[in-house]
Structure formats: C-alpha cells, structure tokens
Undergrad: 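Got a structure for you, written out below as structure tokens; questions coming shortly.
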4 protein chains.
Amino acid sequence: MSPKVSDAYKEERRQSILDVALRCFAEKGYGSTTVDDIAAGLGVSKGVVYLYFAGKEELYKQVMEERMQQSITGMKKRFRPEDGAENKLRQVFHAFRNQSLPELKRLLAFYLEFWLESSRREDLKAVMDRQSTYAEDFIASIVEEGIRSGEFRPDADPADFSALFWATRDGIALQFVGGGEDADYRKRMEAMERTLLGSLLQSGK
Amino acid sequence: MSPKVSDAYKEERRQSILDVALRCFAEKGYGSTTVDDIAAGLGVSKGVVYLYFAGKEELYKQVMEERMQQSITGMKKRFRPEDGAENKLRQVFHAFRNQSLPELKRLLAFYLEFWLESSRREDLKAVMDRQSTYAEDFIASIVEEGIRSGEFRPDADPADFSALFWATRDGIALQFVGGGEDADYRKRMEAMERTLLGSLLQSGK
Amino acid sequence: MSPKVSDAYKEERRQSILDVALRCFAEKGYGSTTVDDIAAGLGVSKGVVYLYFAGKEELYKQVMEERMQQSITGMKKRFRPEDGAENKLRQVFHAFRNQSLPELKRLLAFYLEFWLESSRREDLKAVMDRQSTYAEDFIASIVEEGIRSGEFRPDADPADFSALFWATRDGIALQFVGGGEDADYRKRMEAMERTLLGSLLQSGK
Amino acid sequence: MSPKVSDAYKEERRQSILDVALRCFAEKGYGSTTVDDIAAGLGVSKGVVYLYFAGKEELYKQVMEERMQQSITGMKKRFRPEDGAENKLRQVFHAFRNQSLPELKRLLAFYLEFWLESSRREDLKAVMDRQSTYAEDFIASIVEEGIRSGEFRPDADPADFSALFWATRDGIALQFVGGGEDADYRKRMEAMERTLLGSLLQSGK
DNA sequence: AATGAATGAGTATTCATTCAT
DNA sequence: GATGAATGAATACTCATTCAT
C-alpha cells in the first residue's frame with residue numbers, strides 16, 4: 001500500500017530534472033532544447049520527464065520559479081540574526097561577484113531568454129512578474145532594515161534602490177553573456193558595489 | 001531585354017521585407033516566426049521572401065546588419081559640420097529618448113534575442129560583433145572629437161565611455177522590454193544623459 | 001506583317017535549347033535539372049524555354065525524339081550509294097567507337113535515365129518505343145541489305161541481330177557510365193565489332 | 001527498464017521498411033518516392049521511417065547495401081560443401097533465371113537508377129563500388145575454385161570472367177526493365193549460361 | 001514506475017509555371 | 001518576342017506528446 005518510491009526520492013528526481021533542464025535551456029535555448037536532450041542528460045527516458053512535469057513549457061516555468069528563487073533563498077538562509085543591513089548587502093554583492101562566470105552565464109542566458117519570452121507570452125509573464133517581485137522585495141527589505149537601524153540614509157527609497165540594483169546587475173549581465181573575462185566581470189561588480197552601496201550609506205557621518 | 005521592374009522597385013521591396021521581418025522577429029521571436037508570417041505580413045506569397053533573401057536565417061542577419069545600423073547612420077547624417085561634440089551627443093540622447101516606446105521595444109526585443117542567439121551560434125556572432133564595433137566606434141569618435149576640441153575632459157577615455165554608454169542604454173532597454181511607461185522611459189534616459197554627459201564635460205569650468 | 005524573326009532563327013534557337021537541355025539532363029538528371037539551369041546555359045531567361053516548349057517534360061521528350069535520332073540520321077547521311085552493307089556496319093561501329101567518351105557518357109546517361117523513366121510513365125514510353133523502333137530498323141535494314149547482296153549469311157535474322165546489337169551496345173554503355181578509361185571503351189567496342197560482325201559474315205568463304 | 005519491444009521486432013520492422021522502400025524506389029524512382037509513400041506502404045506514420053533511418057537518402061543507400069547483397073548471400077548459403085565450382089555456377093544461373101520477372105524488374109530498376117545516380121553523387125558512388133566489389137568477388141571466387149579443382153580451364157581469368165558475367169546480366173536486365181515476356185527472359189538467360197559456362201569448361205575434354 | 005515506439009502537426013525550402021510589362 | 005517577379009503546391013524532416021507494455 002505504501003508508495004514504492006518515497007516522496008524524498010521523487011523530490012530528488014524532480015530537482016535533478018530541473019537542474020538538467022536549466023543547463024539545457026541555458027546552453028541551447030528553449031526552442032532548441034528537446035525533451036530528449038533533458039532526458040538524455042539525466043540518463044533516463046523521455047517518459048520520466050512527463051511523469052514529473054506536465055510538459056516542456058511547464059518545466060520551463062518551474063525552472064524559473066524554483067531555480068531562480070533558490071539563489072536568493074540561499075543567501076537569505078546564510079544571513080545571521082546579528083548581521084546588519086550593510087553586512088547583508090555586502091554578502092549579496094559578494095555572492096554575485098564570486099559566482100563562477102560560466103555558471104553565471106548559464107543562469108543569465110536562461111534568465112534573459114525567459115524575460116524575452118515572457119514579453120511575448122502571457123503565461124510566462126505571470127511567472128516572470130512573481131519572480132521579479134520576489135527579487136525586488138528581497139533587496140528592498142534589506143534597505144528598509146538599514147534605514148530603520150540608521151545604517152542607511154533615511155531618505156533612501158527601498159523600491160527605487162532595488163530597481164536600480166537589479167537593472168544594473170542585468171545590464172552588466174548582458175555585457176557578459178556574449179563573452180568576457182572573469183576578472184573584468186569582478187571589477188565591474190566591484191564598481192557596482194561601490195557606487196550603489198555608497199549611495200545608501202549616511203553621507204554626512 | 002531590360003528588367004521588368006526597376007532597381008528602385010526591387011530595393012523598395014527588399015526594404016519592406018526587412019521591415020516586416022523585424023516586426024515579426026521582434027513580436028514572436030526568431031523561432032516562432034514562420035516565413036509565411038513574413039510573407040503574409042507583406043501580403044505576398046512565401047516565394048517572394050526567397051526571391052530576395054537566401055533563407056530565414058540570412059534574412060535574420062540582414063535585418064540586424066541593416067536595420068540596426070540604420071538608426072546610427074540616420075543620426076550621423078543629421079549632424080551638421082558646425083555641430084560640436086557635445087551637441088552631437090545631445091542629439092544622440094535626444095534621438096534615443098524620443099523614439100516611440102513601442103518601436104523601441106520592438107528594436108530592443110529583436111536586438112536582445114539576436115544577442116542571446118549569437119552567444120550560441122558562431123555565424124550570428126560575427127554579425128553581432130560587426131554591429132557592436134560599428135556602434136562603439138560611433139560614440140567613441142564623437143568623444144575623441146570632443147577631447148580634441150577641448151569640449152570634453154582631456155583624460156576621458158573614448159572606448160570606456162562608449163562601452164558604458166551602450167551598457168547603460170542596454171540595461172535600461174532591458175527594463176522596458178517587458179513593459180513600462182513612456183514617461184518612465186524618458187525620465188530614465190534623462191538621468192542617463194545627465195550622468196554620462198556630466199562625466200565628460202570639463203569639471204573645472 | 002512578316003514575322004519579326006525568321007523561321008530559321010526560331011529553329012536555330014529551338015535547337016540550341018535542345019542542346020543545352022540534353023547536356024543538363026545528362027549531367028544532373030531530369031529531376032535535378034531546373035528550367036532555370038537550361039535558360040542560364042543559354043544565357044536567356046526562363047520564359048524563352050516556355051516560348052519554344054510547352055514545359056519541362058515536353059522538352060525532355062523532344063530531346064529524346066530529336067537528339068537521339070540525330071546521331072543515327074547523321075550516319076545514314078554519310079553512307080554513300082556504293083557502300084556495301086558490311087562497309088555501312090563498319091562505319092556504324094567506327095562512329096560509336098570514336099565518339100569522345102565524355103560526350104558518350106552524357107548521351108548514355110540521358111538515354112538510360114529516359115529508359116528508366118519510360119518504364120514508369122506511359123507518355124515517355126511511347127516516345128521511347130518510337131525511338132527504339134527507329135534504331136532497330138536502322139540496323140535491321142542494313143542487315144537485310146547485306147543478306148540480299150550476299151555479303152551476309154542468308155540465315156541471319158535482321159531483327160535478332162539488331163536486338164543483339166543494341167543490347168550489347170547498351171550493356172557496354174552501362175559499364176562506362178559510372179566511369180572508365182577511353183582505351184578500355186574502344187577495346188570493348190572492338191571486341192563487340194569482331195564478335196557481331198563475325199556472326200554475320202559468310203562462314204564458309 | 002528493459003526495452004518495450006524486442007530487438008527481433010525492431011529488426012523485423014527495419015526489414016519491412018527496406019522492403020517497402022525498395023518497392024517504392026523501384027516503381028516510382030528515388031525522386032518521386034516520398035517518405036510518406038513508404039510510410040503509407042507500411043501502414044504507419046512518417047515518423048517511423050525516421051525512427052529507423054536517418055533520412056531518405058540513408059534509407060536509399062541501405063536498401064542497396066542490404067537488399068542487393070542479400071540475393072548473393074542467399075545463394076552462398078545454399079551452396080553445400082560438396083558442390084563443385086561448375087555446380088555452384090549453375091545454381092547461380094538457375095537462381096537468376098527463376099526469379100519472378102516482376103520482382104526482377106523491380107530489383108533492376110532500382111539497381112539501374114542507383115547506378116545512374118551514383119555517377120552523379122559521390123556518396124552513392126562509394127556504396128555502389130562496395131556493392132560491385134562484393135558481387136565481382138562472389139563470381140570470381142567460384143571461378144578460382146574451379147580452376148584449382150581442374151573443373152575450369154587453367155587459363156581462365158576470374159576477374160575478367162566475373163566482369164563479363166555481370167555486364168551480360170546487366171545488359172540483359174536493361175532489355176527487360178522496359179517490358180518483356182517471362183519466357184523470353186529465361187531463354188536469354190539460358191543463352192547466357194551456355195555461352196559463359198562454355199567458355200570456362202575444359203575445351204579438350 | 002519507466003520505457004521508447006509511434007504519431008502527426010508544423011515549417012523551411014524548391015521550382016515548374018504563369019503573366020504583366 | 002523576352003523578361004523575371006510572383007505564385008503555391010509539394011516534401012523532407014523535427015519533436016512534443018501519448019500510451020501500450
């Protein structure tokens with residue numbers, strides 16, 4: 001009566017499909033990725049993918065939904081209660097800066113393509129918006145915390161800062177998707193950290 | 001013995017195919033645009049597209065090659081000899097700021113997708129690189145002119161400035177491809193103009 | 001009122017189309033030859049071909065009808081009244097043997113393909129049959145003449161000999177369409193001449 | 001985990017595709033045979049053909065490679081150890097003579113077209129050459145055996161005989177592709193057997 | 001649960017033929 | 001007469017999805 005395979009096993013498999021799918025979508029693009037590519041990457045048959053996801057598009061959405069939030073959630077978890085807002089922000093910059101460039105390119109290629117596609121298809125748009133909101137809230141809430149604690153300028157606008165933060169990150173990303181050196185990327189991210197963080201810290205103190 | 005239709009007619013038709021193709025590629029994406037879509041958009045049969053272009057991919061490349069450079073070439077032509085470098089740069093900002101947002105979105109969606117695709121396919125990469133070089137040279141040469149004439153700081157770096165210029169433009173673009181208000185876009189572009197132009201002008205004056 | 005172009009001009013053009021068409025059909029095959037190929041070979045536009053022939057298939061048939069018979073007719077014309085039957089047959093062998101191999105290959109490739117196609121399409125079959133009859137009659141009538149004149153064995157069968165003649169020629173042809181040396185071809189044709197002619201000549205004399 | 005269908009099933013299906021393909025190619029020609037024709041002949045969808053063969057051309061090559069050799073291989077298998085060389089050769093003639101004419105026509109139409117096409121396309125040429133070599137070796141090796149055993153004239157040339165054998169078979173074939181009576185075909189093949197075999201047997205006996 | 005054979009809709013491309021100029 | 005732009009039917013091939021085993 002009990003299921004032959006445990007829920008844990010199922011979840012594990014589900015995650016591994018998402019992993020492989022992200023990699024495939026990023027490297028070949030959504031249109032050029034076949035369900036067989038993903039199954040082959042997992043070493044299983046096509047049928048398995050359909051056992052866990054309703055279809056290719058559904059899989060695409062869920063990669064965005066889960067994998068993109070995962071990096072943010074990962075950061076959140078690493079925050080300790082005693083970390084201040086500035087410290088948290090620095091951890092965020094640090095995390096972005098120290099991603100390996102190949103992996104970053106993968107994530108960004110996936111992300112940019114999803115963005116593009118979402119501007120064309122309503123159902124993807126909803127996923128994208130949810131994702132954007134989650135990301136914006138993440139940064140905005142740190143800023144709010146910093147304002148409350150007096151670490152950041154009281155006149156800083158959490159929403160504006162957050163928008164600027166992601167716009168800059170995306171802009172830089174764009175430059176490096178096509179190719180670029182690891183060192184250049186880190187330098188660019190440091191400049192971003194200096195500029196953005198500088199605009200938040202109390203100027204007069 | 002003479003051709004039935006004039007060269008002017010043929011060129012006109014060629015341009016109209018490029019126009020429709022840009023619109024289709026931007027709205028539906030390269031993969032989802034069928035040659036029939038383009039032909040239908042023109043009100044002709046599929047065969048006509050193949051009469052003017054070797055195939056869908058060739059058409060894709062030529063839209064990039066011609067349409068993207070066209071906006072830059074258009075600006076160049078409008079420059080008068082007596083315009084100074086600052087004036088030219090302001091014209092450039094003005095032109096970007098005053099593009100209609102729908103048309104801008106189209107251009108940018110096309111441009112971003114081409115960028116993404118070019119990171120995956122060698123032949124597109126070559127076109128993309130040519131295009132990037134052309135764009136970077138355009139801005140860099142204005143900056144050089146301004147340095148020579150004393151309008152801009154002598155220590156400004158034309159190549160760096162040009163890279164920053166396009167990165168910022170692309171970053172902003174990215175934000176608006178998904179949607180956004182006309183007014184917000186102009187405000188953002190004005191901020192860009194202030195910041196970037198400010199960094200070029202003689203500080204001691 | 002008189003035609004702008006003379007009939008002679010028209011016939012000349014018609015023949016030049018047949019020439020180019022034979023060459024194209026032989027080299028690329030019927031299916032792979034486009035009407036544009038033929039027009040380009042002539043240095044005129046596609047339309048001209050349709051001015052002289054009802055369509056590609058019609059042209060195909062007429063190449064067979066006219067060009068294939070032409071080589072036979074050419075031989076006939078070169079016969080002088082005083083030539084005996086044996087002499088005529090030797091001239092025929094001589095003509096076949098001394099064709100340039102490339103040209104021969106062309107003719108045979110065309111001929112074999114037509115044969116093949118004619119086994120599949122009724123309308124070509126009629127043309128092929130007419131052609132075969134013409135060729136068989138040509139050889140058979142020489143044999144008949146030789147029997148009457150006493151040059152050939154009285155018990156020779158003109159029809160059988162003719163059939164054997166063409167079968168052998170075709171069999172050899174088949175071997176060389178795929179490739180082969182000029183010298184080998186001539187040697188093979190000489191063997192054919194010896195064998196076939198030997199079987200006709202009076203044995204007891 | 002185990003495959004759903006057995007390897008035997010797959011091989012059977014593969015063979016049935018080759019069968020139908022041979023029939024289609026022979027009856028309609030390569031160019032006029034559509035993949036849908038073949039699928040329809042099997043009562044399955046187009047996709048199945050692509051499941052077993054990489055494409056139409058690949059299928060074409062494999063029909064030649066497998067089906068043509070099959071008839072030869074079939075004969076080889078029927079040889080018993082105690083059969084002498086003459087006996088083997090007689091079995092070969094017998095097998096050719098007793099093929100049903102419709103089936104023979106099919107095989108030959110396919111074979112001739114492939115030959116023709118191979119003179120125009122390099123990749124087919126390689127297949128054709130392999131096939132020719134296999135066929136020539138088959139006959140030549142019987143002749144060699146006969147020479148060794150003293151059944152055949154010691155001065156017979158295996159390679160020459162083999163070439164002549166196939167040339168004659170092809171020549172006769174050519175005559176019957178277009179049409180012809182069953183009885184005439186057998187008579188012709190008998191004449192071929194007498195002539196060729198006669199030239200091999202010890203003359204002094 | 002897993003497999004992978006089968007389906008068939010969807011698409012780029014070619015080319016014979018027509019016909020306005 | 002000649003041109004060549006336009007048409008559109010035809011066809012190879014791909015791949016998401018289904019489902020019998």
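For clarity, every value in this text was computed on a predicted model and none was experimentally measured. Labels below follow one simple rule: chain letters A, B, ... track the order of the sequence lines, proteins then strands, and each chain is numbered from 1.
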Undergrad: Any side-chain N or O of B/Tyr50 less than 4.0 Å from the OP1 or OP2 oxygen of F/dG8?
TA: no

Undergrad: Judged by each residue's nearest nucleotide on DNA chain F, which is more toward the 5′ side, C/Val48 or A/Lys56?
TA: C/Val48

Undergrad: Does F/dG1 have its OP1 or OP2 closer than 4.0 Å to a side-chain nitrogen or oxygen of C/Arg13?
TA: no

Undergrad: Nearest whole Å is fine: how far is E/dA16 P from C/Tyr60 OH?
TA: 14 Å

Undergrad: Can you find a donor-acceptor N/O pair under 3.5 angstrom joining the side chain of B/Lys46 to the base of E/dT13?
TA: yes

Undergrad: Determine the contact category for D/Gly55: base if any of its heavy atoms lies under 4.0 Å from a base atom, sugar-phosphate if only primed atoms, P, OP1 or OP2 are that close, otherwise nothing.
TA: sugar-phosphate

Undergrad: Between F/dG4 atom P and C/Leu51 atom CG, what is the distance in whole Å?
TA: 14 Å

Undergrad: When you check the phosphate oxygens OP1 and OP2 of E/dA5, does a side-chain N or O of D/Lys10 lie under 4.0 Å from one of them?
TA: yes

Undergrad: Could you pull out all residues at least two apart from B/Asp129 that satisfy side-chain hydrogen bond (donor to acceptor under 3.5 Å, both in side chains)?
TA: none

Undergrad: Nearest-Å distance, CD (D/Glu58) to C1' (F/dT14)?
TA: 17 Å

Undergrad: Can you confirm whether the side chains of B/Ser16 and B/Asp19 place a donor and an acceptor under 3.5 Å from each other?
TA: no

Undergrad: Return each pair, listed once, that meets salt bridge (charged side-chain N to carboxylate O under 4.0 Å, His left out) where at least one residue sits in residues 50-60 of chain C; pairs must be two or more places apart or across chains.
TA: C/Glu57-C/Arg121

Undergrad: Both A/Asp36 and D/Thr34 contact DNA chain F. Taking the nearest nucleotide for each, which residue is further toward the 5' end?
TA: D/Thr34

Undergrad: Verify whether one side chain among C/Gln62 and C/Arg67 offers a donor that lies under 3.5 Å from an acceptor in the other.
TA: no

Undergrad: Within less than 4.0 Å of OP1 or OP2 of F/dA12, is there a side-chain N or O belonging to D/Tyr30?
TA: no

Undergrad: Between D/Tyr111 and D/Phe25, does the ring centroid distance fall short of 6.0 Å?
TA: no

Undergrad: Take B/Leu107 and B/Leu22 through the test side chain to side chain contact (heavy atoms under 4.5 Å, CB included) and record every step on the way to the result.
TA: CA-CA 8 Å; B/Leu107 282 166; B/Leu22 169 58; 3.9 Å; yes

Undergrad: Tell me which of C/Thr33 and D/Gly43 sits closer to the 5' end of DNA chain E, going by the nucleotide each one is nearest to.
TA: D/Gly43

Undergrad: Using atom OH of C/Tyr52 as one end and atom P of E/dT17 as the other, report the distance to the nearest whole Å.
TA: 19 Å

Undergrad: Look at B/Tyr9 and F/dG4 and indicate whether a side-chain polar atom (N or O) is within less than 4.0 Å of OP1 or OP2.
TA: no

Undergrad: If we ignore angles and hydrogens, is there a donor and acceptor under 3.5 Å between the side chains of C/Glu11 and C/Gln15?
TA: yes

Undergrad: Would you please enumerate the stems DNA chain E participates in, each stem being three or more consecutive Watson-Crick or G-U wobble pairs with both distances under 3.5 Å?
TA: E:2-21 with F:2-21

Undergrad: Which part of the nucleic acid, if any, lies within contact of D/Val35, taking any heavy atom under 4.0 Å across all strands shown: a base, the sugar-phosphate backbone alone, or nothing?
TA: sugar-phosphate

Undergrad: Answer with base, sugar-phosphate or nothing: what part of the nucleic acid does A/Ser32 contact at a heavy-atom distance below 4.0 Å?
TA: nothing

Undergrad: Would you indicate what D/Ser45 reaches in the nucleic acid, counting non-hydrogen atoms under 4.0 angstrom: base, sugar-phosphate, or nothing?
TA: base

